[in-house]
Protein chains: 2
Amino acid sequence: MLLQNRPGDTVTAAHDRLYRALRQQVMHGELAPGQPLTLRGLAKTFGVSMTPAREAVRRLAAEGALTISSSGRVTTPELSNERIEEMASIRALLEPELASRALPRAHFALIERLQAINAANAEAVAKQDAVAYIRTNLEFHRTLYLRAQAPAMLAIAETVWLQLGPTMRALYGRLRRNEPPQHHRMILAALKAGDEPGLRLAIRTDVTQGLRHLTS
Amino acid sequence: MLLQNRPGDTVTAAHDRLYRALRQQVMHGELAPGQPLTLRGLAKTFGVSMTPAREAVRRLAAEGALTISSSGRVTTPELSNERIEEMASIRALLEPELASRALPRAHFALIERLQAINAANAEAVAKQDAVAYIRTNLEFHRTLYLRAQAPAMLAIAETVWLQLGPTMRALYGRLRRNEPPQHHRMILAALKAGDEPGLRLAIRTDVTQGLRHLTS
DNA sequence: GCGGGTGATTTGTGATCACATTTACCAATG
DNA sequence: CATTGGTAAATGTGATCACAAATCACCCGC
């Protein structure tokens with residue numbers, strides 16, 4: 001991962017580089033739930049001082065990507081079962097709407113790209129690569145929802161994914177799944193058919209099913 | 001407003017005091033859209049140094065309560081009509097769900113409190129006090145949704161209110177409305193009757209109607 | 001009157017330091 | 001062996017400073 005500005009790069013603020021790198025790590029499940037982080041540690045890792053590290057951490061904490069204890073300690077979030085179920089409800093509420101809005105704009109080129117992402121996802125399953133699985137899974141959804149032309153709604157969905165990142169890692173790392181997501185095929189079929197109710201149902205089922213296993 | 005810790009107070013971090021004070025100002029429409037803020041100005045106003053001011057601003061920017069330009073300048077957000085409509089859609093999606101979940105737990109004491117808040121709201125209308133109008137209006141919704149036992153969903157709804165704060169100020173300051181919100185009475189009636197579809201519709205209408213006027 | 005350029009001021013960014021609190025470690029004691 | 005006590009290390013917080021970039025104000029020339 002590129003962390004330093006190099007000559008010719010557009011200069012990005014240090015706090016922003018740190019924010020983006022950490023955000024991706026959290027969202028893709030590269031950090032376990034409850035993982036402690038320190039400002040000095042992050043600063044040293046990224047070759048900056050504590051100041052930009054603090055700003056990045058505050059920003060991520062505001063998005064729910066990190067938790068700050070009453071004494072100021074920073075960790076990745078450990079979600080209760082209730083919270084996980086609530087997050088699943090939110091996904092089940094937002095994402096069918098995003099998919100519906102994307103449906104009239106989903107032409108063949110988009111479906112083709114979704115199929116390619118799905119193939120990469122299946123490959124991640126075969127390799128038992130949890131991080132790649134989560135990444136391609138989210139990429140599948142984001143690619144579709146980008147067509148919805150609803151940036152604020154998509155941003156909310158992404159903060160939900162963020163908060164679920166570490167938990168998803170724990171989930172998919174635990175139950176070594178061997179089957180690629182069957183619901184993605186249903187989503188693709190509904191997209192091709194222009195079937196809005198079917199699409200909503202397929203999305204709802206897809207986002208709900210994975211989390212159910214963890215709350216048992 | 002109390003901004004300094006006094007002996008006997010539980011010590012709250014400076015950045016957190018500043019965050020809460022600013023957040024309330026933005027959410028309640030005390031700041032106009034596009035209002036510029038400076039780190040040194042905020043720090044001086046709150047009697048602290050730039051460091052906690054920066055942290056509070058980053059946090060608020062992450063929630064969409066403030067906008068940071070490419071050069072780092074901080075302002076309250078100026079929403080496009082498209083963005084306002086999207087925000088209304090999000091409210092129309094989330095808030096009926098929150099109300100539905102609150103419905104089975106809405107006993108008489110809650111309805112009584114809602115009526116009291118509604119009376120304060122009507123008073124704000126009579127006094128042409130836009131800030132008090134927005135504050136009591138949001139308090140009405142938050143009091144109901146708190147019963148939904150869905151903290152993450154409520155938090156998302158609040159970030160939407162936050163982003164709309166300055167715009168609501170501009171809206172309600174412009175069209176000097178003389179009538180108290182008639183939809184709140186429908187909401188209360190549906191609550192008393194235990195009528196879930198009616199409640200969902202009343203909420204949806206209430207959150208949608210106000211914003212429609214701005215996008216014309 | 002009006003546009004462009006130049007210097008002064010304002011402003012955000014990042015580093016460093018001092019301080020208070022929390023946490024971790026380890027030994028002494030029961 | 002578990003528990004308690006104290007000491008040392010680690011950690012977050014806030015202030016201050018230096019720096020660069022952006023912005024603003026003023027003035028000159030047209």
Side-chain angles (χ1 to χ4, degrees), chain A residues 2-23 26 31-78, chain B residues 2-23 26 31 34-78:
Chain A
L2 179 63
L3 298 177
Q4 299 271 345
N5 280 323
R6 302 200 317 208
D9 286 1
T10 46
V11 180
T12 309
H15 67 85
D16 202 55
R17 292 205 312 275
L18 215 156
Y19 163 78
R20 278 206 280 267
L22 254 182
R23 178 187 152 100
V26 173
L31 274 49
Q35 173 119 174
L37 302 172
T38 66
L39 297 182
R40 285 177 176 83
L42 292 171
K44 191 170 185 180
T45 302
F46 289 81
V48 296
S49 78
M50 293 176 59
T51 311
R54 261 189 289 183
E55 296 181 44
V57 164
R58 288 258 174 264
R59 200 171 157 191
L60 288 162
E63 298 185 72
L66 296 176
T67 301
I68 300 186
S69 78
S70 59
S71 69
R73 295 305 164 81
V74 181
T75 60
T76 51
E78 295 181 279
Chain B
L2 180 62
L3 297 176
Q4 297 272 344
N5 280 323
R6 302 199 318 207
D9 286 1
T10 46
V11 179
T12 308
H15 66 86
D16 202 56
R17 289 204 315 275
L18 215 156
Y19 163 78
R20 278 205 280 266
L22 255 184
R23 178 187 151 99
V26 173
L31 275 48
Q35 172 120 173
L37 302 171
T38 66
L39 297 182
R40 285 176 176 85
L42 292 170
K44 192 171 185 180
T45 301
F46 289 80
V48 296
S49 77
M50 293 176 58
T51 312
R54 262 188 289 184
E55 296 182 44
V57 164
R58 287 257 176 264
R59 199 171 157 191
L60 288 163
E63 299 184 72
L66 295 175
T67 301
I68 300 186
S69 78
S70 59
S71 69
R73 291 312 172 44
V74 181
T75 60
T76 52
E78 293 182 280

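Computed from heavy atoms alone, side chains included, the values below leave out hydrogens, waters and symmetry copies. These numbers were taken from a predicted model, which means no experiment stands behind them.
Contacts of Ser71(A) with the nucleic acid, taken as non-hydrogen atoms under 4.0 Å apart, involve only primed sugar atoms and P, OP1 or OP2. The residue Leu42(A) sits apart from the nucleic acid: no heavy atom pair falls under 4.0 Å.
In this structure, CD1 of Ile68(A) is placed 15 Å from P of dT11(D), rounded to the nearest angstrom. Leu39(B) places its CG atom 18 Å from the P atom of dC17(D), with the value rounded to the nearest Å. Summarising the geometry, the separation between CG on Asp16(A) and C1' on dG12(C) is reported as 14 Å, rounded to the nearest angstrom. Atom OH of Tyr19(B) and atom P of dT13(D) are 15 Å apart (whole Å). The CZ-P distance, from Arg17(B) to dT13(D), rounds to 14 Å in whole Å. Put simply, CE on Met50(A) is 8 Å from C1' on dT13(D), counting in whole angstrom units. If you take CZ of Arg73(B) and P of dG12(C), they are 6 Å apart, rounded to a whole angstrom. One interatomic measurement links the two molecules: CZ of Arg40(A) to C1' of dA10(D), which rounds to 7 Å at whole-angstrom precision.
For dT13(C), the OP1/OP2 oxygens have a side-chain nitrogen or oxygen of Arg58(B) closer than 4.0 Å. For dG14(C), neither phosphate oxygen OP1 nor OP2 lies less than 4.0 angstrom from any side-chain nitrogen or oxygen of Thr51(A).
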Practice prompt. Apply the test salt bridge (Lys or Arg N to Asp or Glu O under 4.0 Å) to residues Arg59(B) and Asp16(B): give CA-CA distance (whole Å), side-chain angles for both, the deciding distance (0.1 Å), then the verdict.
Written response: CA-CA 10 Å; Arg59(B) 199 171 157 191; Asp16(B) 202 56; 2.8 Å; yes
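Judged by atom type and distance alone, Arg54(A) does not reach the base of dG12(D) through any side-chain donor-acceptor pair under 3.5 Å.
Put simply, CG on Leu22(A) and CG on Leu60(A) are 6.0 Å apart, with the number rounded to the nearest 0.5 Å.
Side-chain polar atoms of Arg54(A) and His15(A) form no donor-acceptor pair below 3.5 angstrom.
Taking the nucleotide of DNA chain D with the nearest heavy atom to each of Glu55(B) and Ser69(B), the more 5' of the two is matched to Glu55(B).
Although no hydrogens or angles enter the test, the distance criterion places no donor-acceptor pair under 3.5 Å between the side chain of Thr75(B) and the main chain of Gln35(B).
Residues Glu63(B) and Glu63(A) have side chains not in contact (no heavy-atom distance under 4.5 Å, counting atoms from C-beta outward).
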